[in-house]
Each structure stands twice: as C-alpha cells, then as structure tokens.
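Data block below; observations after.
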Amino acid sequence: MKAYQQGWTLRRRVAALLGVVVVLLLGLAGAEAAVAAQNRQNIDAVLLKTGPLRVQAQELMSALLDQETSVRGYAVNGDRTDLEPYQEGVKREQSLAASIRDLSADYPDVRRSLDVVEQKTAQWRSQVAEPVISTVERDGAAAGQALITDATRQQFDGIRSSVNTLQDEILTVRQETADRVNATSNTLVVLLIIAALVVTTAGVVMLLSLDRILIRPLAALVGQVREVADGDYRHRIEGSGPPEFRRLAEDIDQMRMKIARELDEVREARERIEWVNSQLQKQAEELTRSNRDLEQFAYVASHDLQEPLRKVASFCQLLQRRYAGQLDERADQYIAFAVDGAQRMQRLINDLLAFSRIGRLTTGFTEVDLNKVMGDVAGQTEAAVQYADAELTWGEMPTIRGEEPLLTNLLVNLVSNSVKFRRPDVPPKVHVSARLVDGEWEISCRDNGIGIEPEFADKIFVIFQRLHSKDAYPGTGIGLAIVKKIVEYHGGRVWVDTDADEGTTIRFTLPALEADIEAAKAAEAAEVAEAGEQAEAGEQAEAAEGDPAAVGRQPDGEAREEPPAEADGHGTNGGMKETVG
C-alpha cells in the first residue's frame, strides 16, 4: 500500500487509513439510509395501502351483496323498507370505490379491476335492479319476481367474479410489496454486516499498522535509550519507522552526544578537582602546621616575649622614679621614651594576641543579653568616660546568640573609640541603639566626635591602619580590626554610616532569634490592623459630624474614653542611661 511508503509521516499514514475507512463507512451509511428509506416506503405501502385495499374490497363485496339481497327481498314482499339496504349499499359502494381508487393510485392493475367491477355493477343496476324496482312499484311483487331469472343471477355472479378478481389483484400487489419489504430488510442487514466487517477490518488493519509503524519502532527506540540510560553513552541511537521517529532518534542521539561531551568535561573537571583537592589537602596540612607554629608563637609571645618587656618597663619606671631630676633633661626624656615604648609594645602584643584568638579559642555560642553586656561595657570604660567627662547612653538591647566575652570586647572597643576621638572642648556623647531589619539586629554606636571622611570609611577596619598620628590619638590601630573580626565571626557585617550629620556612626548586624522575628511580624500585623481600625474610625467620625449625639460613642452607641497620652521616653532609649561628668 502507498500509505506505508517510507517517506510518509505517521500522521499522514494514519490520516490516509482513517480517510479510507471513513469513505467506506460514509458510502455504506448512505446506502443504508437509501435502503432504509425504501424499506420504510414498502412497509408503509403494506400497512397503509394494500392492507386497507384488501379490507375495503371485502366491504365492497358486502355492499354489493346487500344491494342484490335488498332487491330480491323487495321483489318478494313489495315492502318499500326492504329497499333501504339497497340504497345504503349504493352509497357504501360509491364511497368504497372512491377510497379504493385513491389508495390504488400506484397500482394500475387494481384500478383496472375496480373499473371492471364498477362497469358490471352499473350494468346490473340498469338492467336488473332498477327494472325490478320500477316493475314492483307499477305492477306488484309478482311482476317483479318474474324479472329475477337465472340470467340475472348469472349477471350478479359476474360482478362477484370481478370483485374476486379485484381482491386477487390486491393480494398480488400486497405480496409483491411484502417481498420488497423482505428484500430491502435483507439488503439493510447485509449492509450492516458489511459495515461491521469494514469496522472490524479497519480495526485489525489499524492495530497491525500501529504495531508496524508505531509500536515496533518505538520499542526499538526505547531499548536503545535504555542502553544509554544504563551508562553506555557511546551507543549510537538509530531510528526507524515514520520520519517523526527518525527525527526523534536524531534529537535523542544529539542529546546523548552532548551528555557524553559534558560527561567527558565533568570527568576532566573531576580529575582537576581531585588534583586541586590534593593540593588543598597539602595546603591544609601545611596550614595546620602553620597554625600550630602560630599557636606556639602566640604562647611564646604571651609569656616569653612579655617577660623581658615587663622587666624593661619595670626597670625603666624605677629609673624614672629614682633618678628623676638627678640626671639632665635629655636623660629624663630618654627614660620616658623607653618606658612609653615598652608599654606600647606590651599593648600591641596583647592586642595581637586578642586578634589572633578570635574564632580560634571559642567557648561556644549562648543566648547573650546585650543589656547586661552594655552594663559590663559601662563598667570597663568608666575610667575613660570620667576622664573625658563623657555621657554614655543606650536603648533597649536585644538578646542574641553569641560569645559574651567577644561581644563585650566589641562594644568596649566601639565606645572607647567614640570617647577617644572626641572634639576639643565638646563633652563626648555616645549612644548605642538597636533595631530589627530584615531578620537581623542592626546595632548602632553614634557619637558627636570628630567624624570620619567617607573616603576613609573602609580603611579604618584594616589592621594597623591609622588616620592620625600616635601623639594626637594614642592606640595600636587594631581596635576596629578586632571589631570587624568579631562581627564577621558572629555572621554579621560592619560599616560606617557616611550619612551621619554629626560625629561618627558605626553600624553592625547580628543574626536575630527566631522568636524576635516572629514577634516583629506579629507587631507589624497588629499595626496594620490598628491602622485599618483607625481609618474605619475616621470614616465613622466623618459620618457622625452631622449627629452631635454620636460624638464620643463607639459604633454600638456606648460611651468611649480616650486613653491618656503616653509619657515621652525619648532621650533615654528605654530608660537605661549612664552619665558620667
């Protein structure tokens, strides 16, 4: 079949097969409709024409018999009432003849037989019935009986014979129509059987065709794809069957080749990663050794190096106290330089040790109340704050997870820096506050000091970076580097707010507890609801402007008290404030 040519697509093949089946079924349906219509016509002819014709022919014979019997009875009795059946028979005869003529419009033989019956009946009435009736009326019953002879009886028998012929013609027509009904019914059954055979054949052909052009190629393609899926990425996928399957096989094969190339790249990348991992492992081992050396150095620095420094500082201080004023001015200056250098070296070593211990020597994270931490910070910076006549305040602080000693060191460094970098003749003011932003606590340390230029905002967190000379502002230059390392160790970030109007504002973030985040969401939802209630209350107040009785009442009419204004808590941020002067 042309429908199974190699170049035909699956859609075209199925469409061709379905088209042939549809054409056959439509032809059969048309033939069945025509045969069914013809069969219906034949059945209607049997039921509505030949059947009534047969009955009316019998009634016609009965009407003729009534006429003949009535005439003979009148000839015997001479009673005028005996003619009533004759008259009614004539009327019935005429009515039945008209009905038979209408029903036999398609049957010329029946009409011809009816014409013969009417002709003989008319002759019998004109030659027998009417003369007998007129003779009886004129001459009496005996004269009328004389006219009824064997010839007149034979003449009526001729009428009966013509009626029988009419009935035979009707029976013949009825039988022919019934035969046609049987023939069309048989033809209809045959057509239905043929339609069933066509459908069955089409179904079988469809199944065989689908098995040949769809199932087999698809099963072969699935088998090849499964081989590739099992790991044989070098297996070439070849398609068969309709062009759609061949194109699908080509696309899958291209995908296979792409996956194979990517797998080769992944394999090469894995080899490179393994090599890099081996190098990283070596570097990690070297780093571990370096960390051990660094720990050893830190131990030496914290013990062995500080011991000579303490001796140098102690003896220089003894020289300074004992021989102050006994030597010349230059000697006193040299001794002061030595004492200051030893002390600065001690501070530098201690700061470096503190910087190196961050994140290395850990006590584990716990929940830390920063309000308590701020109390400790106030205690540790009390001397510096009193010396500078400073004011340290803080607002309500949160509870977070972290290491309390490191967080205390963080805030001590920030507060100390704010007090140290103050403006001359201006009492320092340092304020620490916190707010929840996007699931993190943003903590700010704001002062009214000398401030930081925006171009130096990132440099101040680099270790040993100083923006001023040691004589102007003493220090080792490690404090803010320690702050940055502690914040990052706790998962936050630190920066300088360059938009501050006065002084310096350093902000840093710390992760918030889940309970604080949920409480903030609930508070935000409550604020939205309260805003909606206030808007609704405003609309009700506008609606009540024309009704003085509605003022001061709830929507249900009850009196409402206005809550007293809350006390102004600004300036102390939660009531916690430490002022030293």
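In this text, all values refer to a predicted model and were calculated from it rather than measured experimentally.
With respect to Asp179 and Arg174, no salt bridge is recorded, no charged nitrogen being found less than 4.0 Å from a carboxylate O. Glu442 and Arg507 are joined by a salt bridge, as a carboxylate oxygen and a charged side-chain nitrogen come within less than 4.0 angstrom of each other. Taking a cutoff of 4.0 Å between a charged side-chain nitrogen and a carboxylate oxygen, Asp264 and Arg261 do not qualify as a salt bridge. Ion pairing between a basic and an acidic side chain is recognised when a charged N comes within 4.0 Å of a carboxylate O; Glu68 and Arg72 show such pairing. Ion pairing between Arg54 and Glu59 fails under the 4.0 Å rule for side-chain N and carboxylate O. Checked for salt-bridge contact, Glu396 and Arg435 miss the test: no charged N lies under 4.0 Å from a carboxylate O.
Environment of CZ in Arg101: crowded, with over 12 heavy atoms of neighbouring residues, nucleotides or ligands closer than 6.0 Å. Shown here is Glu524, whose CD atom has no more than 12 heavy atoms of other residues, nucleotides or ligands within 6.0 Å. The environment of Asp438 atom CG is sparse: at most 12 non-hydrogen atoms of other residues, nucleotides or ligands sit within 6.0 angstrom.
The distance between the ring centers of Phe508 and His490 does not fall below 6.0 angstrom.
Expressed to the nearest 0.5 Å, how far CZ of Arg160 lies from CG of Leu64 amounts to 9.5 Å. Once rounded to the nearest 0.5 Å, the distance linking CG of Leu166 with CD of Gln56 reads 10.5 Å. Note: Ile100 CD1 to Glu118 CD = 8.5 Å, rounded to the nearest 0.5 Å. Atoms OG and CG, from Ser162 and Leu114 in turn, are 9.5 Å apart once rounded to the nearest 0.5 Å. How far CG of Leu510 is from CZ of Arg493: 11.5 Å, rounded to the nearest 0.5 Å.
When all heavy atoms of Ala57 and Ile170 are compared, the pair lying nearest together is CB-CD1, 3.6 Å. The shortest non-hydrogen separation linking Asn371 to Gly395 is OD1-O, 3.9 Å.
Counting heavy atoms from C-beta on, the side chains of Trp441 and Thr509 never come closer than 4.5 Å. A heavy-atom distance below 4.5 Å is not found between the side chains of Thr184 and Leu188. Side chains of Leu370 and Pro398 form a contact here, defined as non-hydrogen atoms less than 4.5 Å apart. Counting only heavy atoms from C-beta outward, the side chains of Val20 and Leu24 approach each other to under 4.5 Å. With a 4.5 Å cut-off on side-chain heavy atoms, Leu53 and Tyr107 count as touching. The shortest side-chain heavy-atom distance between Thr152 and Leu147 does not fall under the 4.5 Å cut-off. Using a 4.5 Å cut-off on side-chain heavy atoms (C-beta onward), Asp106 and Arg111 make no contact. Residues Ile194 and Leu28 meet the side-chain proximity criterion, which asks for heavy atoms closer than 4.5 Å.
For the pair Asp516 (side chain) and Ala512 (backbone), a donor-acceptor distance under 3.5 Å is absent.
Side-chain contact of Glu403 with Tyr489: a donor-acceptor pair under 3.5 Å is present, judged by distance alone. Arg92 and Ser95 form no side-chain donor-acceptor contact under 3.5 Å, judged by distance and modelled atom types alone. Side-chain atoms of Gln154 and Asp150 include no donor-acceptor pair closer than 3.5 Å. In this structure, a donor-acceptor pair under 3.5 Å is absent between the side chains of Glu367 and Thr399.
The only member of Glu88, Met61, Arg125 that meets side chain to side chain contact (heavy atoms under 4.5 Å, CB included) when paired with Glu93 is Arg125.
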Practice problem: Might you work through the side chain to side chain contact (heavy atoms under 4.5 Å, CB included) test for Val136 and Tyr74, ending with a clear yes or no? | Solution: CA-CA 8 Å; Val136 171; Tyr74 181 66; 3.6 Å; yes
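Checked against side-chain contact (heavy atoms from CB on, under 4.5 Å), Gln127 has the following partners two or more places apart in sequence or in another chain: Gln123, Gln155.
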